[in-house]
Every structure is written in C-alpha cells, then in structure tokens.
Amino acid sequence: MWIVRHHKLTVFFTEENNMLQSVRLSLLPASLPPSYHPFCEIFENYLNGKQVSWPAYNQELLTPFQKLVFAAVVTIPYGETRTYKEVASMIGRPKAYRAVAQALKHNPFPLVIPCHRVVSSNFPQDIGGYTPDPEIKKILLTLEGVLF
DNA sequence: CGTGGCCCCGCTG
DNA sequence: CAGCGGGGCCACG
C-alpha cells in the first residue's frame, strides 16, 4: 500500500506488475507516513493541478459493462464534465444512465478513471453522487478548473 | 419545490 | 428465475 498526501486529499494505491491494482481517496490525513513509489509522482503532479498520463490498471475484476463504461469515461477531457446520461449515450445505451451510475459507484480506480467528471444533469445545482464523499468530487473538479 | 414512472445492471433468495 | 435497490432523468402538479 502506497500513500500520497495532498493538502486536502490523501491517495492510497496498490501496485503489482507495474499496474495499479487499487486506488482509494480520503479526506482525512493518513495515519501512516508518506511512501515512495514511481507512481507517487504521477499522483502528486495531478494533485498539484497538472495533467498526467496515468499508469495501466488491472481490469481483471471489472464486469463487461464496467469496462464499457470506464472506456468511455477515460475519454472525458481534463477539466470537462459529462452527465450520466451522456456517458450512457457514449456507450450506445442511452437509457442505461442509472446503470452507468452503479458502475461508477464501484470504480476501483478513482482519478485514473475520472468518474468525478460525471455529474448530474442539473449540474452545478446538483453535482451527483460520489463515494466515499461528494466533497472529494468538488475538490477534484475545482482542481481541474471546473467552474461551479 | 416534491413525486412517481421508467430503465438497466448486479446482487440476493 | 423474480425482486429490488441505486452516485439518474424527466414530466407533471
């Protein structure tokens, strides 16, 4: 388990075979000291407001539907948002927006798969859901320069 | 504003 | 196989 600290967020990730295995975000500071791994610098750069190229991530545990959804979500440009409905249309299933939300809820690679860029149809009044905390979603969108 | 169909996936019995 | 619960959406009042 590797840890990257930011002034507002802490990122935890695991790596194996030069691939991300999991990513987790927390609003709370880590109780463990920061650690060093080549991927840490990528997360640090992102948290400092830079656009980065993410490492590969392990897709083995993803369902076919999740793979479809995530493949669409990774194409959303930095600093832009799409609605759940728009993502559903991107994968050719315009009525599956609720299922899209379910898939994103279980995103094992937040930041890398930028589910924070997927928002409610009446954004910015309603930002849409996010785990573990919608506040993290706001922090990430602000970091990317999205205006509310 | 709130409410109720509607739709689709994945989990559960 | 049926039922149900979501990080939603839209029409309606």
Side-chain angles (χ1 to χ4, degrees), chain A residues 1-17 19-32 39-40 42-148:
Chain A
M1 170 83 77
W2 305 91
I3 301 174
V4 182
R5 287 195 193 184
H6 175 60
H7 62 99
K8 287 183 177 171
L9 288 177
T10 303
V11 180
F12 303 84
F13 69 91
T14 59
E15 176 274 342
E16 207 174 304
N17 306 322
M19 275 193 307
L20 286 168
Q21 303 296 317
S22 69
V23 176
R24 189 165 61 83
L25 307 179
S26 172
L27 281 171
L28 302 172
S31 54
L32 300 168
F39 291 173
C40 289
I42 300 174
F43 285 102
E44 281 165 12
N45 284 337
Y46 174 79
L47 293 170
N48 287 325
K50 296 177 187 168
Q51 296 191 47
V52 300
S53 302
W54 295 109
Y57 53 89
N58 183 1
Q59 304 208 28
E60 281 177 24
L61 298 179
L62 305 182
T63 67
F65 185 75
Q66 275 182 315
K67 290 180 187 172
L68 204 58
V69 171
F70 295 167
V73 170
V74 295
T75 70
I76 305 173
Y78 183 96
E80 295 188 23
T81 61
R82 298 289 185 276
T83 66
Y84 295 93
K85 190 181 181 182
E86 284 169 335
V87 172
S89 293
M90 288 166 82
I91 64 173
R93 319 273 294 268
K95 295 179 180 172
Y97 39 82
R98 247 183 133 165
V100 166
Q102 284 311 102
L104 294 181
K105 178 181 182 180
H106 300 111
N107 176 13
F109 307 102
L111 304 187
V112 180
I113 296 164
C115 57
H116 57 281
R117 295 180 193 146
V118 186
V119 297
S120 164
S121 281
N122 44 19
F123 178 82
Q125 287 87 358
D126 179 7
I127 192 174
Y130 200 80
T131 46
D133 190 330
E135 183 62 25
I136 297 178
K137 193 172 186 176
K138 286 186 196 167
I139 291 170
L140 297 177
L141 291 175
T142 304
L143 183 70
E144 296 191 9
V146 174
L147 300 177
F148 291 73

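Below, read A as the first sequence line, B as the second, and so on, with proteins coming before strands; counting in each chain starts at 1. Just the heavy atoms: all of them, side chains too, but no hydrogens, waters or symmetry mates, feed the values below.
For residues 135-148 of chain A, the pairs satisfying side-chain hydrogen bond (donor to acceptor under 3.5 Å, both in side chains) are A:Tyr46-A:Glu144, A:Tyr84-A:Lys137, A:His116-A:Glu144, A:Arg117-A:Glu144, with sequence neighbours left out. Each side-chain hydrogen bond (donor to acceptor under 3.5 Å, both in side chains) pair with one or both residues in residues 57-71 of chain A, not counting sequence neighbours, appears once here: A:Gln21-A:Asn58. Screening residues 43-52 of chain A for salt bridge (charged side-chain N to carboxylate O under 4.0 Å, His left out), with sequence neighbours left out, gives no hits.
We find that CG of A:Leu68 is positioned 14 Å from P of B:dC8, with the value rounded to whole Å. Distance A:Gln66 CD to C:dG6 P: 17 Å, rounded to the nearest Å.
Looking at residues two or more places apart in sequence or on another chain, you find no salt bridge (charged side-chain N to carboxylate O under 4.0 Å, His left out) involving A:Arg98. Partners of A:Arg5 by side chain to side chain donor-acceptor pair (under 3.5 Å), not counting sequence neighbours: none found. A search for ring pair (Phe, Tyr, Trp, His ring centres under 6.0 Å) contacts involving A:Phe39 returns A:His37, not counting sequence neighbours. Partners of A:Tyr78 by ring pair (Phe, Tyr, Trp, His ring centres under 6.0 Å), not counting sequence neighbours: none found. For A:Asp133, the side chain to side chain donor-acceptor pair (under 3.5 Å) criterion is met by no residue, not counting sequence neighbours.
Counting any heavy atom pair closer than 4.0 Å across all strands shown, A:Ser120 reaches sugar-phosphate atoms only and no base atom.
Shown for residues 109-117 of chain A: no residue has heavy atoms falling under 4.0 angstrom of DNA chain B.
Across the interface with DNA chain B, nearest-nucleotide mapping of A:Arg98 and A:Pro64 shows A:Arg98 to be the residue nearer the 5′ end.
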Could you go through nucleotides 10-13 of chain C and list every protein N or O atom that sits under 3.5 Å from one of its N or O atoms, giving the distance for each pair?
residue	atom	partner	partner atom	Å
C:dC10	OP1	A:Lys85	NZ	2.8

Protein and nucleotides 11-13 of chain B: nitrogen or oxygen contacts under 3.5 angstrom:
none

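Nearest to the side chain of A:Lys95, among C:dC9, C:dG7, B:dC7, sits B:dC7.
Where DNA chain B pairs in unbroken runs of 3 or more (Watson-Crick or G-U, both distances under 3.5 Å), the stems are B:1-6 with C:8-13, B:8-13 with C:1-6.
A:Ser22 and A:Thr14 share a side-chain donor-acceptor pair at under 3.5 Å.
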